[in-house]
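One structure is given here, and the rest of the page talks about it.
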Amino acid sequence: MVNELKNIEKISIKKFQEDLISWFKAEQRDLPWRKDQDPYKVWVSEIMLQQTRVDTVIPYFNRFIEWFPTIEDLANANEEKVLKAWEGLGYYSRVRNLHSAVKEVNANYGGQVPDTPKEISTLKGVGPYTAGAILSIAYGVPEPAVDGNVMRVLSRILLIWEDIAKPSTRKVFENAVRQVISHDEPSAFNQALMELGALICTPTSPSCLLCPVRDHCQAFHEGVETKLPIKTKKNSQRSVDLAAIIVKDESGKILIHKRPENGLLANLWEFPNVELHQPFVMERAQISGLFRESFDMNIKLEKNIGQIEHIFSHLVWNIRLYIGTIDAEFLENDEWKFITLDEIEEHAFPVSFHKMLKLYKEYS
DNA sequence: AACACGTGGAT
DNA sequence: TATCCAAGTGT
């Protein structure tokens, strides 16, 4: 705490702001969410960019704004379409929270995104980073927007050795930003910090010789830029074995199941599946028994057509894929239905589903 | 505080 | 191949 205060004194804040912002104005990327400062579009882009690369986000952002051009359009959209717009982006709770928050803004804020830290922070999915990003970029409010880039860049410039993997560390950087942010151009300043982190001050091999604020950088001065930031590593992921089944009815439709509204891949559709706690001793008849226990359905597994691995951030799915049949008297409801291949376009599925579908098509 | 929560790309 | 990510938030 005392440490970074002292380091901030070592630099000329005014000159640092000028060097950083003029670089940003000259070198910033031409990105679709930078065409205007519509708070709604800034909001959508910031949610999409959470833990997600710019190159990945661009096509999703363009299509999302085509489908839902305004707050009112998104507020009135049905969830299936909204999830479909997010299909493949990951962290699906982001878009369910965004949908919920946009409905809130449409209903209780006259369709105007709130412009105060207190109000905007009450919106679902808007945490400290996103609040600061929207307030500064869309409204010019000098609030910190501390993401991974900002922590990396400032840890180097200000020689901050705290572990950025610790939740409490974000406050240290917010405090630092409050002391160096430009009150004339908070939008350009915050975006410049992130842009610098993305283009120059990268994690492994920063391009210090091209850096517009190299002269202000304590880490460069000390030759320790690649030692920062300090970030402890996370635990390894656990592995889960699953058996999934593709069932077709007499007209050739495939059976899908809607996942629970909370937790992993919430509200997305998938092929019926069960967890295999003893994967090496499970045979088709026993797995059929698991389906009966889990869903009270009489499913017969006819043939294993292969297996896929799907890696999440925190776990690994090893999925055995079967084809099979189900009793004719099976009833459809909100969670279970048969759909045509064309109707896949009207439902949102995780990437693992598409991997299985591809395997099935190759088998057929 | 620690962990759940996705995905595809970089090294 | 293994690991670490990339503009974090909710619980």
Side-chain angles (χ1 to χ4, degrees), chain A residues 24 28-29 31-34 41-61 83 86-98 100-101 120-134 136-138 144-154 163-171 173-174 177 187 190-199 201-205 226 229 231-238 240 259-268 270 309-317 348-355:
Chain A
F24 175 70
Q28 65 170 299
R29 291 166 292 180
L31 300 172
W33 46 89
R34 287 179 174 165
K41 290 184 207 163
V42 172
W43 185 4
V44 170
S45 72
E46 291 302 339
I47 300 297
M48 283 190 173
L49 286 162
Q50 289 171 6
Q51 303 290 284
T52 311
R53 290 182 150 75
V54 165
D55 289 345
T56 302
V57 166
I58 289 172
Y60 280 91
F61 176 83
L83 278 172
W86 214 264
E87 187 182 85
L89 249 193
Y91 286 143
Y92 299 95
S93 66
R94 287 184 295 174
V95 77
R96 299 204 309 131
N97 288 150
L98 173 63
S100 168
I120 203 168
S121 297
T122 67
L123 300 173
K124 283 181 188 165
V126 178
Y129 163 74
T130 305
I134 297 173
S136 61
I137 297 171
V146 174
D147 70 343
N149 282 313
V150 171
M151 290 198 281
R152 182 174 60 257
V153 169
L154 289 185
D163 180 5
I164 67 168
K166 293 177 60 175
S168 58
T169 299
R170 196 198 66 248
K171 295 192 200 72
F173 286 90
E174 286 176 347
V177 171
S187 170
N190 278 345
Q191 291 187 77
L193 236 31
M194 294 188 275
E195 196 80 344
L196 189 71
L199 301 181
C201 195
T202 52
T204 52
S205 30
T226 57
K231 186 177 190 180
T232 56
K233 45 186 177 291
K234 312 164 193 172
N235 301 328
S236 57
Q237 51 206 167
R238 73 193 167 91
V240 174
R259 294 180 59 85
E261 64 178 345
N262 292 308
L264 184 65
L265 306 172
N267 281 2
L268 299 192
E270 64 184 359
E309 179 187 69
H310 189 74
I311 301 172
F312 296 90
S313 52
H314 58 303
L315 61 87
V316 178
W317 273 358
F349 303 93
V351 168
S352 53
F353 174 91
H354 289 290
K355 285 186 187 173

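All heavy atoms count here, side chains included; hydrogens, waters and symmetry mates do not.
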Between A:K124 and A:A198, whichever has its closest DNA chain C nucleotide further toward 5' is A:A198

So what does A:T130 touch, heavy atoms closer than 4.0 Å: a base, only the sugar-phosphate, or nothing?
sugar-phosphate

Give the rounded distance in Å between these two atoms: CD of A:E261 and P of C:dG10.
17 Å

List for me each residue that meets side chain to side chain donor-acceptor pair (under 3.5 Å) alongside A:S168, sequence neighbours excluded, and say none if there are none.
none

Which whole-number value in Å describes the distance from A:I164 CD1 to C:dC4 C1'?
12 Å

Rounding to a whole Å, what distance do you find between A:L49:CG and C:dA6:P?
14 Å

With P as the reference atom in both, quote the distance from B:dC5 to C:dA2 in angstrom, rounded to an integer.
24 Å

Distance-only side-chain donor-acceptor flag, A:Y129 / A:Q50, under 3.5 Å:
no

Check side chain to side chain donor-acceptor pair (under 3.5 Å) between A:Y60 and all other residues, then give those that pass, not counting sequence neighbours.
none

Pairwise side-chain contact, A:K231 with A:T169, heavy-atom cut-off 4.5 Å (strictly under):
no

Could you tell me whether A:R96 contacts a base, only the sugar-phosphate backbone, or nothing, with contacts defined as non-hydrogen atoms closer than 4.0 Å?
nothing

Can you find a pair of side-chain heavy atoms, one from A:E270 and one from A:S352, that are under 4.5 Å apart?
no

With a 4.0 Å cut-off on heavy atoms, is A:V126 in touch with a base, just the backbone sugar-phosphate, or nothing at all?
sugar-phosphate

May I ask you to say what A:S45 touches in the nucleic acid, namely base, sugar-phosphate or nothing, with a heavy-atom cut-off under 4.0 Å?
nothing

Report which part of the nucleic acid A:L193 touches: base, sugar-phosphate, or nothing (heavy-atom distance under 4.0 Å, all strands).
nothing

Excluding sequence neighbours, so at least two apart, what forms ring pair (Phe, Tyr, Trp, His ring centres under 6.0 Å) with A:F24?
none

Gap in Å between the two P atoms, one belonging to B:dG8 and one to C:dT9, rounded
23 Å

Quick one: A:W43 CH2 to C:dG8 P, roughly how many Å, whole number?
18 Å

Can you measure A:D147 atom CG to C:dA6 atom P for me and round it to whole angstrom units?
11 Å

With sequence neighbours left out, write down each residue that passes side chain to side chain donor-acceptor pair (under 3.5 Å) with A:R53, or none if nothing qualifies.
none

Just how far, in rounded Å, is C1' of B:dA2 from NZ of A:K231?
15 Å

Classify A:R34 by what it touches in the nucleic acid, base, sugar-phosphate, or nothing, heavy-atom distance under 4.0 Å.
base

Pairing residues for A:F61 by the ring pair (Phe, Tyr, Trp, His ring centres under 6.0 Å) criterion, not counting sequence neighbours
A:W33

A:L123 has an atom CG; how far is it from atom P of C:dG8, in whole Å?
19 Å

Let me have a per-nucleotide readout for nucleotides 3-8 of chain B, 5' to 3', with B, S or -, counting only protein heavy atoms under 4.0 Å.
SSBBBB

Value in whole Å for how far the P atom of C:dG8 lies from CE of A:M151:
8 Å

Distance between C1' atoms of B:dA1 and C:dA6 (Å, rounded)
23 Å

